[in-house]
2 protein chains.
Amino acid sequence: MRCAITEFQQEQKKRMRSVQDAMDALNGKWKIAIISSICCYGKRRFSDILNDVEGVSNRMLSKELKELELNQLVTRTVLATQPITVEYELTEHGNTLQTIISELSGWGIVHRKKITGK
Amino acid sequence: MRCAITEFQQEQKKRMRSVQDAMDALNGKWKIAIISSICCYGKRRFSDILNDVEGVSNRMLSKELKELELNQLVTRTVLATQPITVEYELTEHGNTLQTIISELSGWGIVHRKKITGK
DNA sequence: CTGAATCCAGATGGATACTG
DNA sequence: CAGTATCCATCTGGATTCAG
């Protein structure tokens, strides 16, 4: 009977799928930088993020913010100013990413040393 | 004097860069699945990984394994069998990713529930 | 100010066939 | 078995312009 092996592989598949789910929500060149920018300041306007995230274009920023909103990681609030301004904020769910981002940051530092600076 | 703000922003930039360093090493459609496959079994052959990672082509597998090797996350060992076989294994450094992968997996499960199943 | 629309170059990745 | 080479469709993302 090969149940043990089968179950083991099933677990492995589930694990891989859930990691992929996470990565799908975070993929895109700027997502993590955008999240960092917002969470760092609490609330953040479109043009602010545009300045924070070095190199991003308004086209990409708009697109990735929309995806983050779809994934319920940020909220978008239009303010009735003249001209209008828009505030982005992390949702509670978005905030749960902070642990992961911290760990990625930590690993990234070690990794960079490993590859370059030795 | 604006030192506090400046330092804060400096910290933020560093953090974003190191996260990006980490993501650079892990980007690519299959990297995490490949790492999962290898670490799950200890050692793994090319054709094994090809089977484990659903949907990957030999072209992509070859390419991403090469990148993982460059980033010193896996080692490649040619065995003198007939025909030759190749074993891939996680380096010590590659193994340090397990925590992050676990967390991503955990977050991915919560996230999927949030977005779909409620 | 906050985007959306268009255009376009370059990267990504699948299918297939081939080599040692 | 473990890749490499080639062809080709699609995706990505920058620059620029336009709109509410």
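By convention in this document, chain letters (A, B, ...) are assigned in the order of the sequence lines, proteins followed by strands, and residues within each chain are numbered from 1.
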remark   = Against the side chain of B:W30, the closest entry in C:dC1, D:dA2, C:dG14 is C:dG14
remark   = A:I84 has its side chain closest, among D:dG3, D:dG20, C:dA4, to D:dG20
message = Counting the atoms with a prime plus P, OP1 and OP2 as sugar-phosphate, which does A:R45 contact under 4.0 Å by heavy atoms, base, sugar-phosphate, or nothing?
response = sugar-phosphate
Could you state the atom-to-atom distance from [atom1] of [X] to [atom2] of [N] in whole Å?
{"X": "B:R44", "N": "D:dA2", "atom1": "CZ", "atom2": "C1'", "value": "16 Å"}
{"X": "B:E67", "N": "D:dG3", "atom1": "CD", "atom2": "C1'", "value": "15 Å"}
{"X": "A:E64", "N": "D:dT12", "atom1": "CD", "atom2": "P", "value": "10 Å"}
{"X": "A:M60", "N": "C:dA11", "atom1": "CE", "atom2": "C1'", "value": "13 Å"}
{"X": "A:I49", "N": "C:dG3", "atom1": "CD1", "atom2": "C1'", "value": "13 Å"}
{"X": "A:I34", "N": "C:dG3", "atom1": "CD1", "atom2": "P", "value": "12 Å"}
{"X": "B:E87", "N": "D:dG3", "atom1": "CD", "atom2": "C1'", "value": "17 Å"}
{"X": "B:L50", "N": "C:dG13", "atom1": "CG", "atom2": "P", "value": "16 Å"}

query = Mapping A:V56 and A:P83 to their closest nucleotides on DNA chain D, which lands nearer the 5' end?
reply = A:V56
Short side-chain N/O contact from [X] to OP1 or OP2 of [N], under 4.0 Å:
{"X": "A:S62", "N": "C:dA4", "value": "yes"}
{"X": "B:Y88", "N": "D:dC1", "value": "no"}
{"X": "B:K29", "N": "C:dG14", "value": "yes"}
{"X": "B:K63", "N": "D:dG3", "value": "no"}
{"X": "B:T81", "N": "D:dC1", "value": "no"}
{"X": "A:S57", "N": "D:dG13", "value": "no"}
{"X": "A:R76", "N": "C:dG3", "value": "yes"}

note = To the nearest 0.5 Å, atom CG of A:L104 lies from atom CD1 of A:I109 at 11.5 Å
Rounded distance (nearest 0.5 Å) linking atom CD1 of A:I115 with atom CG of B:D24 = 11.5 Å
message = Determine whether a donor-acceptor pair (one donor, one acceptor, N or O, separation below 3.5 Å) exists between the side chain of B:N58 and the base of D:dT4.
response = yes
request  = Return yes if the base of C:dT6 and the side-chain atoms of A:R59 contain a donor-acceptor N/O pair under 3.5 Å, otherwise no.
outcome  = yes
message = Angle between ring planes, B:H111 versus A:H93, binned at 30° and 60°: parallel, tilted or perpendicular?
response = parallel
query = Donor-acceptor pair, B:K13 side chain versus B:Q9 backbone, under 3.5 Å?
reply = no
query = How about B:S105 and A:S18: does a side-chain donor come under 3.5 Å of a side-chain acceptor?
reply = yes
Polar contact flag, side-chain donor to acceptor under 3.5 angstrom, B:E92-B:N95 = no
